[in-house]
Amino acid sequence: MRSHSCGELSLDQVGQTVTLCGWVARRREHGEHLAFIDLRDHTGLVQCVVDGAAELRSEFVVRVTGVLRPRPEGTVNDQLSTGQVEVGECTVEVLSAAEPPPFPLDERAADVDETVRLRYRYLDLRREDMQKNLRTRAKINSAIRSAMDAQDFVEIETPMLIASTPEGARDFVVPARTKPGNFYALPQSPQLFKQLCMVGGVDRYYQIARCFRDEDLRADRQFEFSQLDAEMSFASQDDVLECITRAVSAAVEVVTGEGIGEVPRMTWRDAMDRFGSDKPDVRFGMELTELTSVFAKTEFNAFKASSIKGICHVGAAAETSRSRLDELTDDAKRWGAKGLVWMRVEDGEAGLSLNSPVAKFLSEDEKTGILDLLGAQAGDVIYLVADDWAKVCHVLGLLRLALGRPPVNEGGFNFLWVVDFPLFESIDPVTSKPVSAHHPFTMPHEDDWALLDGEPEDLLKVRSQAYDLVLNGWELGSGSVRIHRSDIQSRIFELLGVSAEEAALKFGFLLDAFRFGAPPHAGFAFGIDRIVALLLGEENIREVIAFPKTQSGGDPLTGAPTPIEPAQLEELGLRLLPQAT
RNA sequence: GGUCCCGUGGUGCAGCCUGGAGUGCACGCCGGCCUGUCAAGCCGGAGGUCGCGGGUUCAAAUCCCGUCGGGACCGCCA
């Protein structure tokens, strides 16, 4: 049907008769007998010179046959990769007429209401940006698969219709026609199946898996998403990090032409202390500074707290108005702080001085301590939060991002392994049982096994062999060394307050499997949508998903979700509640 | 569950604060002119339930309340 693609044409093919197929991207008429058509396919644009174009309109699908020739002197277009040439002596066959598109299919589409783009996603996808994103995603998937194959991982597909488990995120649920009143769940991840693969002697498993979580959507979260899911037998944490780093490196190489070297590591504790986040964006400084000891004997009631930290926004005093400071204070309160103390650093008669509503409550030693530890200079703005350690880190971490985070496409690709996550994230105030930070099959750090028999506060100090991969402040994925010893697993369930009966009910098949000879194993999973978005400089994963959903979980193109017929409900043994109709 | 922002011809915006005739700009669309343009140019034209509902008012795109849709975020996402 065609001899060439539009974007591949260059001076090399001059003189050849070419047949091209594509869409009319633009038409420039110069009277009855001269017009220019920009013909577009997935490879790009090329200019066709035609004898009148009255019958052609935007987005008509045409086949053009003509002779490729150099453009006349002075008409070369440097903006276009095919700008040296044009197709002349054209005959044009209309393969499909088209209505005018509802929005411009060029770079201006970036400003169009996203709902409109999604309603006409098939038009949106014709755009160069979207073509690039889809094709880059495909290449990244391919590179990741190659990297995993080369490391002897076996690609295995796991079921999409599985048993629901109460742990973790809210499940998407599918009614079972053959067993009315029962339900399948869509997998939140293939977690249990990949561990069963290890028991099954697979040794190394991987899959680019579709996963489903019925939780509120965000710029970096959809109901359904893809992850590289992997699991290794007879492997340590270091083995996993090395293998995953190779896959990530292959993905990066698709976009930058270069792989990544060793990925730096940071402990969870350091990440929280210095950046106030378990997924620190290390593209910029403004680190949290520990100030608790400065206020050990303070007279200022608001600072009589177990933890005080501060951040210094260098040189920001001039640009930070009083109303902006009030906004930031409101933000801090929304994030859970009791308040936010701000201080403008100014030149005073005797060195630096602090301009702040609370300055009068602070001693000279305290003021000096703040300035010294933060290394503040005149013109800086200092923010302080006092509360318990976790709250202080959380609030200042969010404040740091609000004040200093660079645009998504700046600062390069700063991968980071965050290691030594705590095994338990908190003690439930009602049951006084610890709550798993990762999942209950995560292996505690060997050095901390003794703490498992200690007091509740000791439990919170237990580190796990769990690790996250972070890129520019986005959590790309997480993994852990799994518990393969039944004595340790029993102890963890005991601590979590999960009875043997309950464990058997929820995870019995896995625990059964482990009784038949489970190899030590460890694994990881990272989000494809996220890594592709970041590598392409997109701040929203919808830009790298062909048919994404809106924040409320709808699809403007198909109208999903929709009601179903009463007969369908009947067959499934379901009846709707009055408020659902 | 919560906070904030947005909604005006097909598209992007201005108008709203300070109420006074659907007013304006750019693109697109339709028609005409135009033989070297490339977001072609020039001339003319069509195109509107100001998201929806209610309230205040002599009068509402504009003020108030509610609601729907979209977006960002907190919670949530083992």
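In the text below, chain A, chain B and the rest are named by the order of the sequence lines, each starting its count at 1. For the numbers below, each heavy atom of this structure counts, side chains included, while hydrogens, waters and symmetry mates do not.
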**Q** Searching all strands shown, indicate the nucleotide that pairs with rA40(B) (Watson-Crick or G-U wobble; both distances under 3.5 Å).
**A**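 rA40(B) is unpaired by these criteria.
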**Q** If you measure from the C1' atom in rC64(B) to the same atom in rU56(B), how many Å do you get, rounded?
**A**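 My reading of the C1' atoms in rC64(B) and rU56(B) gives 7 Å.
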**Q** Whether Arg117(A) contacts rG70(B) is assessed here as follows: a side-chain N or O lying under 4.0 Å from the phosphate OP1 or OP2. Is that the case?
**A**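 Checking rG70(B) against Arg117(A), no side-chain N or O comes under 4.0 Å of OP1 or OP2.
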**Q** What's the gap between rG45(B) and rC5(B) when it is taken at their P atoms, as a whole Å value?
**A**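 Between the two P atoms, the distance is 41 Å.
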**Q** Does Thr442(A) reach a base, just sugar-phosphate, or nothing at all? Heavy atoms under 4.0 Å.
**A**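 Result for Thr442(A) = nothing.
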**Q** With sequence neighbours left out, which residue pairs that include part of residues 331-340 of chain A fulfil the salt bridge (charged side-chain N to carboxylate O under 4.0 Å, His left out) condition?
**A**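 Residue pairs with at least one partner in residues 331-340 of chain A: Asp331(A)-Arg334(A), Lys338(A)-Asp387(A).
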**Q** Indicate, with a heavy-atom threshold strictly under 4.0 Å, whether Glu99(A) touches base, sugar-phosphate, or nothing.
**A**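 Here Glu99(A) touches no strand at all.
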**Q** Aromatic rings Phe172(A) and Phe223(A): how do their planes relate, parallel, tilted or perpendicular, breaks at 30° and 60°?
**A**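 Plane angle over 60°, so perpendicular.
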**Q** Taking the C1' atom of each, how far is rC13(B) from rU8(B), in whole Å?
**A**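 That atom pair is separated by 10 Å.
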**Q** Does Pro102(A) reach a base, just sugar-phosphate, or nothing at all? Heavy atoms under 4.0 Å.
**A**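 Sugar-phosphate contact only.
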**Q** Mind checking if Asp111(A) touches a base, just sugar-phosphate, or nothing, with heavy atoms under 4.0 Å?
**A**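 Sugar-phosphate, no base atom in range.
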**Q** Should the ring pair His313(A) and Tyr383(A) be called parallel, tilted or perpendicular, given that the plane angle runs from 0 to 90° and is split at 30 and 60?
**A**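 Aromatic pair His313(A)/Tyr383(A) classed tilted.
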**Q** When the distance from CG of Asp113(A) to C1' of rU8(B) is rounded to whole Å, what number comes out?
**A**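 Value for this atom pair: 13 Å.
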**Q** Scan side-chain atoms only and decide if Ser10(A) and Gln84(A) contain a donor-acceptor pair under the 3.5 Å cut-off.
**A**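 No, because no side-chain N or O of Ser10(A) sits under 3.5 Å from a partner of the opposite role on Gln84(A).
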**Q** Between Asn540(A) and rA72(B), is there a side-chain N or O to OP1/OP2 distance below 4.0 Å?
**A**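 Affirmative; the distance criterion is met.
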**Q** Give the rounded distance in Å between these two atoms: CG of Leu39(A) and C1' of rU37(B).
**A**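 After rounding, the reported distance stands at 16 Å.
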**Q** Quick one: which of rC77(B), rC38(B), rG36(B) gets closest to the side chain of Arg69(A)?
**A**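 Selected nucleotide (nearest to the side chain): rG36(B).
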**Q** With no hydrogens and no angle check, just 3.5 Å: does a side-chain donor-acceptor pair link Gln13(A) and His4(A)?
**A**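 Gln13(A) vs His4(A): no donor-acceptor pair found between side chains.
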**Q** Need to verify one output field. Residue with the more 5' nearest nucleotide on RNA chain B, Leu34(A) or Phe103(A)?
**A**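 Of the two residues, Phe103(A) wins.
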**Q** Can you pull out the residues from residues 21-30 of chain A that lie within a 4.0 Å heavy-atom distance of RNA chain B?
**A**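 Those residues whose heavy atoms fall under 4.0 Å from RNA chain B, taken from residues 21-30 of chain A in numerical order, are Arg26(A), Arg28(A), Glu29(A), His30(A).
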**Q** Starting at atom CZ of Phe172(A), determine the distance to atom C1' of rC77(B), rounded to an integer number of angstrom.
**A**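 The distance from CZ of Phe172(A) to C1' of rC77(B) comes to 12 Å, rounded to the nearest Å.
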**Q** Please measure how far the P atom in rC25(B) lies from the corresponding atom in rU35(B), and state the result in whole Å.
**A**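 That atom pair is separated by 30 Å.
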**Q** Using the P atom as the reference point in each nucleotide, state the distance between rC30(B) and rG66(B) in Å, no decimals.
**A**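 rC30(B) and rG66(B) have their P atoms separated by 44 Å.
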**Q** Do Arg283(A) side-chain atoms and Pro407(A) backbone N/O form a donor-acceptor pair below 3.5 Å?
**A**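 Judged by distance alone, yes, a pair lies under 3.5 Å.
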**Q** Within 45 degrees of the axis of the six-membered ring of Trp23(A) and under 6.0 Å from its centre: does Arg127(A) put its NZ or CZ there?
**A**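 Ring-cation test returns no.
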**Q** So, OP1 or OP2 of rG69(B): does either fall under 4.0 Å of a side-chain N or O from Ser552(A)?
**A**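 For rG69(B), OP1/OP2 do not have a side-chain N/O of Ser552(A) under 4.0 Å.
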**Q** 5'-most contact on RNA chain B: His33(A) or Thr115(A), nearest heavy atom basis?
**A**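 In this pair, the answer is His33(A).
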**Q** Select base, sugar-phosphate, or nothing to describe what Ala437(A) touches, counting heavy atoms under 4.0 Å on all strands.
**A**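 Sugar-phosphate contact only - Ala437(A) comes under 4.0 Å of backbone atoms but never of a base.
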**Q** If only side-chain N and O atoms count, and only distance matters, is there a donor-acceptor pair under 3.5 Å linking Tyr205(A) with Asp229(A)?
**A**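 There is such a pair (donor and acceptor under 3.5 Å, judged by atom type) between the side chains of Asp229(A) and Tyr205(A).
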**Q** Does the plane of the ring in Phe103(A) sit parallel, tilted or perpendicular to the ring in Tyr120(A)? Use 30° and 60° as the thresholds.
**A**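 Correct class here is tilted.
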**Q** Less than 4.0 angstrom between a side-chain N/O of Gln188(A) and OP1 or OP2 of rC77(B), yes or no?
**A**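 No, outside the criterion.
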**Q** What does Arg108(A) touch in the nucleic acid at a heavy-atom separation under 4.0 angstrom: a base, only the sugar-phosphate, or nothing?
**A**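 Result for Arg108(A) = base.
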**Q** Expressed in whole Å, how much space separates the P atoms belonging to rG28(B) and rC17(B)?
**A**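 Comparing P positions in rG28(B) and rC17(B) gives a spacing of 33 Å.
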**Q** Where along residues 213-229 of chain A does a heavy atom fall under 4.0 Å from RNA chain B?
**A**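 The stretch gives Arg213(A), Glu215(A), Asp216(A), Arg218(A), Ala219(A), Arg221(A) as the residues lying under 4.0 Å from the strand, ordered by number.
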**Q** Classify the nucleic acid contact of Arg542(A) as base, sugar-phosphate or nothing, counting any heavy atom under 4.0 Å across all strands shown.
**A**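 Sugar-phosphate: the residue Arg542(A), judged by heavy atoms under 4.0 Å, touches backbone atoms but no base.
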**Q** Please determine whether a side-chain nitrogen or oxygen atom of Ser58(A) lies at a distance below 4.0 Å from atom OP1 or OP2 of rC29(B).
**A**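 True: Ser58(A) side-chain N/O within range (under 4.0 Å) of rC29(B) OP1/OP2.
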**Q** Under a 3.5 Å threshold, yes or no: a donor from one side chain and an acceptor from the other, between Gln188(A) and Asp171(A)?
**A**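 Side-chain D/A pair, Gln188(A) to Asp171(A): present.
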**Q** Any donor and acceptor pair, going by atom type alone, linking the side chain of Arg530(A) with main-chain N or O of Glu475(A) inside 3.5 Å?
**A**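 Yes.
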**Q** For the C1' atoms, the ones on rA40(B) and on rC33(B), what distance do you get once it is rounded to whole angstrom?
**A**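 Each nucleotide's C1' atom is 14 Å from the other's.
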**Q** How far does the P atom of rG75(B) sit from the matching atom of rC29(B), given to the nearest Å?
**A**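 About 47 Å, rounded to a whole number of Å.
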